[in-house]
Undergrad: 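For reference, the structure I am asking about is given below.
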Amino acid sequence: DRGAPRALLREKATAAKGETGKNTEKKKDDKKGKGESPFRYQVRNVAGTDFAISFTDGMFEDDPKMELKKLAFSLTNITGPKFSPIPFRMSARYGKKGEIKSSGTVIPDPFRLKGNCSVARLPLTDFDPYLPEGVNIVLADGSLDTKLSFNLAKGKEGLKGDFKGELGVRNFYCLDSVHEEDLLKWESLQLDEIRGSLSPFSLDIKEISLSKYFAKVVVNKDGTLNLQKLYTPPKKEGETAKPAQPSPTPVPLTSPPAAPGAPAVAGQQKNVRIASITFHDGLMAFADHHMSPEFSTTMYNLGGRVSGLTSEEGKNADVDLRGNLENHSPLTITGQVNPLRENLYLDLMIKFSDIELSPVTPYSGTFLGYVIDKGKLFLDLKYHIENKKLVSENRIFLDQFTLGKKVESSKATSLPVRLAVALLKDRKGEIHLDLPVTGSIDDPKFSIWGVVFQVLRNLLVKAATSPFALLSSAFGGKEDFSSITFAPGSTKLAEGEKAKLLKLAQALNDRPALKVEVTGFVDREKDPEGYRSELLERKIRNEKFLALVKEKQGVKGGSAEAVTVKPEEYSTYLKAVYKKEKFPKPRNMVGLVKDLPDAEMKKLILANTIAGDEQLQALARERAAAVRNTLVTDGKFPQERVFEKGGDIYKKPEKEGASVSRVEFGVAVK
């Protein structure tokens, strides 16, 4: 009878409801006493095979689609409500060639996951739509391979655990979506023996290797770099787009600031170690569309090694990188660097050799106003950054640097480029420059190459305004080669000035492209009296010279200038000069010339010696001639390259404190 069991259940339920509360509690206590088990369950196995899952994301314009095929999975020994480790396995095909596999154990509560995962030939192009907004890159090719083991657990402070394995990206290729040009590609990027933990974070990689890679850097027609346009910040509502402007200064070398709302945790330190990074068979192309004509060049065979990279304070990575410009000019970068620690440390030597300069004519024509006929560039650079302070040396060697025809350019400097080259180039056709640069990399206005270019511009300014100061610095001395000074009234070179003049002759001889102009000047206040005294001394020496000639005594040097008048002879020859002077002399009562003391005779001679404009003009010319003769005779300077130049002999020197009694030099290019 189907109704009997139902009636029986209803009776038992009614009876239970009719019992007193005391009896109910007693039954509960009886059940506990008999040790009744709580609710539990167990599922031996859950499995599925040959599934297919297709996912289409309609939030994007192209409706990206991802498909998993031949999906197989299994979970075994699922128990509850308390869980033991649940073994799982999963495998699937992704797209045409991709494979995904994973196995291990999982505990849902508290969460713990331990296992292995492998991905093979996962196409990166499927994830191109998911690049962050504003990133102007198109993923054109590439696949991901990885094998990882992991052990993760959720605790009170969040997810913790560790991982290890390897990762590779093959045949990567991306384009600059703004200009639709190649940007970056490589054949293989491999990370081996990866080990790490989540909290505290640590990452240890034994080796990273990048082989057969290519990168392209382009200066656009508006002067901006293609790298500057790889990211465009999303427009805010109501905001209009602004055209990109060229960056006035290079990007600072410091780390970017933390994002708002994500302050750094006090005491938190990330431990990162990379034993070695190797680069092999790289190529970098550079193109400048901003120039007219356009310029392009390529770096080949870029390779090398960075070893010992770590975030640990006090430890630095060794760098050894090499390459070739246009497949013949070698580049080497060696030294130490630590970009992972809080304050960047860098101590590098960069050497660039044998760079042909004629191909860079688009730059020389635009900014210098001349083509480059020939020349080679050698760079020897040293950069040291520590505690955000930069100290650098920039040694530049130009060999056989020769400017050609003039180029009309609105951007070309009006400064004397040819003259600067002639001043700096020695007889061997070499130019050596040493341009030290220091500064703080924290200063947003600081630019290493900006300072270097400013120094080079200063050289051109110095060539225009103080060519002999530039010549002195190039020659390695501190002498002021711009002028030779004389004692008041004198045309005789002092020993120190003669030595300086011979150094100048040596420097000029080493610069065959230079012609020299000499101009004599006088001091209107001091030179007249000095001229009178010098003229008197010359006349006294001449009187002794004549006396020696009459006595048929030889004179060393064969001229009055070589004669020396002894103190005991001075009075005799002074009287001889006095007698020959044509001015009216004091006479005695019988009309004869009266004998006077030496001081009186000298006073009258000086008082009656004319030192007007005509005499001072002659003094200025004699000074110029003395300098010219010394350059040619003693300095072996070609006579055809030195010219005497006239001018205002009373012109004051431009340099404050310089002697007015002088000979100044000018230079010109042959």
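Since we're looking at a predicted model, the values are computed, not measured. We use all heavy atoms of the structure for the numbers below, so side chains are in, but hydrogens, waters and symmetry mates are not.
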Undergrad: For the atom pair CD1 (Ile649) and CG (Asp613), what is the distance rounded to the nearest 0.5 Å?
TA: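 Answer for the CD1-CG pair, Ile649 versus Asp613, is 6.5 Å.
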Undergrad: Might you point out which heavy atoms bring Ser659 and Thr485 nearest each other, and give the distance in Å?
TA: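 Heavy-atom minimum between the residues: CB-CG2, 3.5 Å.
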Undergrad: Would Val627 and Leu501 count as a side chain to side chain contact (heavy atoms under 4.5 Å, CB included) if you check the C-alpha gap in whole Å, the side-chain angles of each, and the deciding distance to 0.1 Å?
TA: CA-CA 8 Å; Val627 168; Leu501 188 55; 3.9 Å; yes
Undergrad: Thinking salt bridges, do Lys425 and Asp399 make one under a 4.0 Å N-O criterion?
TA: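 Salt bridge absent between Lys425 and Asp399.
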Undergrad: Any side-chain heavy-atom pair from Leu309 and Arg273 closer than 4.5 angstrom?
TA: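 No, every pair of side-chain atoms sits at 4.5 Å or beyond.
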Undergrad: Given side chains that start at C-beta, do those of Lys374 and Leu357 come closer than 4.5 Å, heavy atoms only?
TA: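 Side chain of Lys374 against side chain of Leu357, heavy atoms only: no contact under 4.5 Å found.
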Undergrad: Measuring from Thr298:OG1 to Leu283:CG, what's the distance to the nearest 0.5 Å?
TA: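 One finds 6.0 Å between OG1 of Thr298 and CG of Leu283.
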Undergrad: Rounded to the nearest 0.5 Å, what separation is found between the CE atom of Met349 and the OG1 atom of Thr332?
TA: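 Rounded to the nearest 0.5 Å, the CE-OG1 separation comes to 8.0 Å.
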Undergrad: Are Lys185 and Phe172 in a cation-pi setup, meaning NZ or CZ lies under 6.0 angstrom from the ring centre and within 45 degrees of the ring axis?
TA: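 Lys185 over Phe172 ring: no.
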Undergrad: Taking only residues at least two apart or on different chains, which pairs with a member in residues 396-425 satisfy ring pair (Phe, Tyr, Trp, His ring centres under 6.0 Å)?
TA: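 Passing the test, one end in residues 396-425: Phe378-Phe397, Phe397-His432.
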Undergrad: Is a salt bridge present between Lys221 and Asp288, judged by a nitrogen-to-oxygen distance below 4.0 Å?
TA: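 Not counted as a salt bridge, because no side-chain N and carboxylate O are separated by less than 4.0 Å.
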Undergrad: Nearest 0.5 Å please: distance from the OG atom of Ser358 over to the NZ atom of Lys376.
TA: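 The NZ atom of Lys376 is 10.0 Å from OG of Ser358, to the nearest 0.5 Å.
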Undergrad: So, are Glu664 and Arg662 salt-bridged, with charged N and O less than 4.0 Å apart?
TA: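 Yes.
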Undergrad: Considering only NZ, NE, NH1 and NH2 on the basic side and carboxylate oxygens on the acidic side, decide whether Lys500 and Glu495 come within less than 4.0 Å.
TA: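 So Lys500 does not pair with Glu495 through a salt bridge.
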Undergrad: How many angstroms lie between atom CG of Leu331 and atom NZ of Lys351, to the nearest 0.5 angstrom?
TA: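 Rounded to the nearest 0.5 Å, the CG-NZ separation comes to 12.0 Å.
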Undergrad: Can you tell me how far apart CG (Leu619) and CZ (Phe486) are? Round to the nearest 0.5 Å.
TA: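 Output value for this atom pair is 9.0 Å.
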Undergrad: Any salt bridge between Glu393 and Arg395, counting N to O under 4.0 Å?
TA: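 Here Glu393 pairs with Arg395 in a salt bridge, since their nearest N and O are under 4.0 Å apart.
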Undergrad: Going by heavy atoms in the side chains, are Ile274 and Thr310 under 4.5 Å from each other?
TA: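 The answer is no, as the side chains (C-beta and beyond) never meet within the 4.5 Å cut-off.
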Undergrad: I would like to know whether Gln336 and Asp318 meet side chain to side chain donor-acceptor pair (under 3.5 Å); could you show each step before the answer?
TA: CA-CA 5 Å; Gln336 292 188 324; Asp318 295 318; 3.2 Å; yes
Undergrad: Is Lys405 salt-bridged to Asp373, going by a charged N under 4.0 Å from an acidic O?
TA: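 No, this pair does not count.
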Undergrad: Got a salt bridge between Asp281 and Lys212, using NZ or NE/NH1/NH2 to carboxylate O under 4.0 Å?
TA: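 A salt bridge links Asp281 with Lys212.
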Undergrad: Are Asp320 and Arg305 ion-paired here, with the side-chain N under 4.0 Å from a carboxylate O?
TA: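 Here Asp320 does not pair with Arg305 in a salt bridge, since their nearest N and O are not under 4.0 Å apart.
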